[in-house]
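The structure appears right after this line, and notes come after that.
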Amino acid sequence: MTLSHYLILAAILFAIGTYGALTRRNAIGILLCIEIMLNAVNINLVGFSRYITPNELTGQIFTIFSITIAAAESAVALALIISIYRHVKTVDVDKINLMKW
Amino acid sequence: MEGIGQIITFYILAGIAVISAILVISLRNLVHCVISLALMMLAIAGLYITLFAEFIAMVQILIYIGAVVVLFLFLIMLTLRLTDKDIKQTNEQKGISFILAGLLLFLLVTVLNRTSWNISPEAVVENTTSKIGNLLLTTYVFPFELISVVLLACLIGAIVIARKDKD
């Protein structure tokens, strides 16, 4: 097992997440794809921590912060989607265009 | 340590992660998507264990599978109507998105292959959990406190945004 294995796996997951975030119509689907991308980045961080700085554990600390931010982001996104659903009665991002000229 | 078992474990977990990620972006029913996402996160937690990061693996399971996935399930229950699960879930940008994601993957893999990583020859620390605890309360104490304030602000903001208007 080398670092490259983990980095390439993370790149594949990130590309899958990008594709999904660009093609989903549903706001919840887009959020799921963003979670895939965040997880891919966390694999990178833990991989760097294991192979490049095994004694300082910097990557693992950063992963904890990243997971915390991801949880906060999910909570805010949930609130926004519920609020939008209450006003527009849809979560389809193609139909949410109130602020588009 | 560098045995055949480790390689097999890596490929099995990586395969599960990639296949369930593809399921997340391709399934129509969003509840199934969320279950696939939980499977992907479980496989990634296993990968963290192969990287000697047991604490991160446990945090991953607790926060992602225990909290974020449940949050998504609640969100689906609160917003989607039952008829919504059969409508088309993707927009008309499939072709160009596929090209863009493929280009991104190509770029990332090229860069990763050309970079020479400064691999450390040192042995891995075995007991990482206590060391992470020490670091969080000494070197990283300021970011640690800051992140708790950020989390609190996000939670208050979420409650304010999601509250019903009083009119």
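Each chain gets a letter, A, B and so on, in the order its sequence line appears, and its residues count up from 1.
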Looking at side-chain heavy atoms only, is the closest gap between [X] and [Y] below 4.5 Å?
| X | Y | value |
| --- | --- | --- |
| Phe144(B) | Ile61(A) | no |
| Ile44(B) | Leu13(A) | yes |
| Ile25(B) | Thr23(A) | no |
| Tyr85(A) | Leu78(B) | no |
| Thr63(A) | Gln60(B) | no |
| Glu35(A) | Met40(B) | no |
| Leu32(A) | Leu30(B) | yes |
| Tyr19(A) | Leu104(B) | no |

Under 4.5 Å from any heavy atom of chain B - which part of [X]:
| X | result |
| --- | --- |
| Tyr6(A) | both |
| Ile43(A) | both |
| Leu9(A) | side chain |
| Glu73(A) | neither |
| Ser49(A) | neither |
| Leu31(A) | both |
| Arg24(A) | both |

- Item | Ala162(B) backbone acceptor or donor facing Arg86(A) side chain under 3.5 Å |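 Yes, Arg86(A) side chain to Ala162(B) backbone: donor-acceptor pair under 3.5 Å.
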
- Report, as yes or no, whether the 6.0 Å neighbourhood of atom CG on Leu103(B) holds more than 12 heavy atoms from other residues, nucleotides or ligands.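 Count over threshold, so yes.
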
- Task: Inspect the surroundings of OH in Tyr140(B) and state if more than 12 heavy atoms from other residues, nucleotides or ligands are less than 6.0 Å away.
- Result: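 Count over threshold, so yes.
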
For the student: nearest non-hydrogen atoms of [X] and [Y], plus distance:
| X | Y | answer |
| --- | --- | --- |
| Ala72(A) | Leu151(B) | CB-CD1, 3.7 Å |
| Ala158(B) | Ala75(A) | CB-O, 3.7 Å |
| Ile8(A) | Leu112(B) | N-CD1, 4.0 Å |

Where on [X] is there a heavy atom nearer than 4.5 Å to chain A: the side chain, the backbone, both, or neither?
| X | value |
| --- | --- |
| Val68(B) | side chain |
| Ser26(B) | backbone |
| Ile132(B) | both |
| Leu27(B) | backbone |
| Ala14(B) | both |
| Val160(B) | neither |
| Leu51(B) | both |

Do [X] and [Y] belong together in a cluster built from hydrophobic side chains that touch within less than 4.5 Å?
| X | Y | answer |
| --- | --- | --- |
| Val18(B) | Ile7(B) | yes |
| Leu42(B) | Val34(B) | yes |
| Ile49(B) | Leu47(B) | no |
| Leu23(B) | Ile36(A) | no |
| Val150(B) | Val76(A) | no |

- Query: If you count heavy-atom pairs under 4.5 Å with chain A, which of Val69(B), Thr128(B), Leu155(B), Thr115(B) comes out on top?
  - Reply: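 Most pairs with chain A among the choices: Thr128(B).
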
- Worked verdict on Leu135(B) versus Glu56(A) for side-chain contact (heavy atoms from CB on, under 4.5 Å): CA-CA 9 Å; Leu135(B) 281 173; Glu56(A) 278 107 80; over 6 Å; no

Could you state the interatomic distance from [atom1] ([X]) to [atom2] ([Y]), rounded to the nearest 0.5 Å?
| X | Y | atom1 | atom2 | answer |
| --- | --- | --- | --- | --- |
| Thr18(A) | Leu105(B) | OG1 | CG | 9.5 Å |
| Glu54(B) | Gln60(A) | CD | CD | 8.0 Å |
| Leu22(A) | Phe98(B) | CG | CZ | 12.5 Å |
| Thr2(A) | Phe10(B) | OG1 | CZ | 8.0 Å |
| Leu7(A) | Asn113(B) | CG | CG | 10.0 Å |
| Leu71(B) | Leu78(A) | CG | CG | 4.5 Å |

- side-chain contact (heavy atoms from CB on, under 4.5 Å) between Tyr64(B) and Asn42(A), intermediate numbers included: CA-CA 12 Å; Tyr64(B) 269 123; Asn42(A) 288 346; 4.0 Å; yes

- Message: Over 60° means perpendicular and under 30° means parallel, so tell me whether His5(A) and Tyr11(B) are parallel, tilted or perpendicular.
- Response: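 Ring orientation, 0 to 90° scale: perpendicular.
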
Among [options], which has the most heavy-atom pairs under 4.5 Å with chain B?
| options | value |
| --- | --- |
| Gly47(A), Pro54(A), Ala70(A), Ala71(A) | Pro54(A) |
| Ile84(A), Val93(A), Thr53(A), Leu3(A) | Leu3(A) |
| Asn39(A), Leu80(A), Ile67(A) | Asn39(A) |
| Ile82(A), Ile52(A), Ile69(A), Ile81(A) | Ile52(A) |

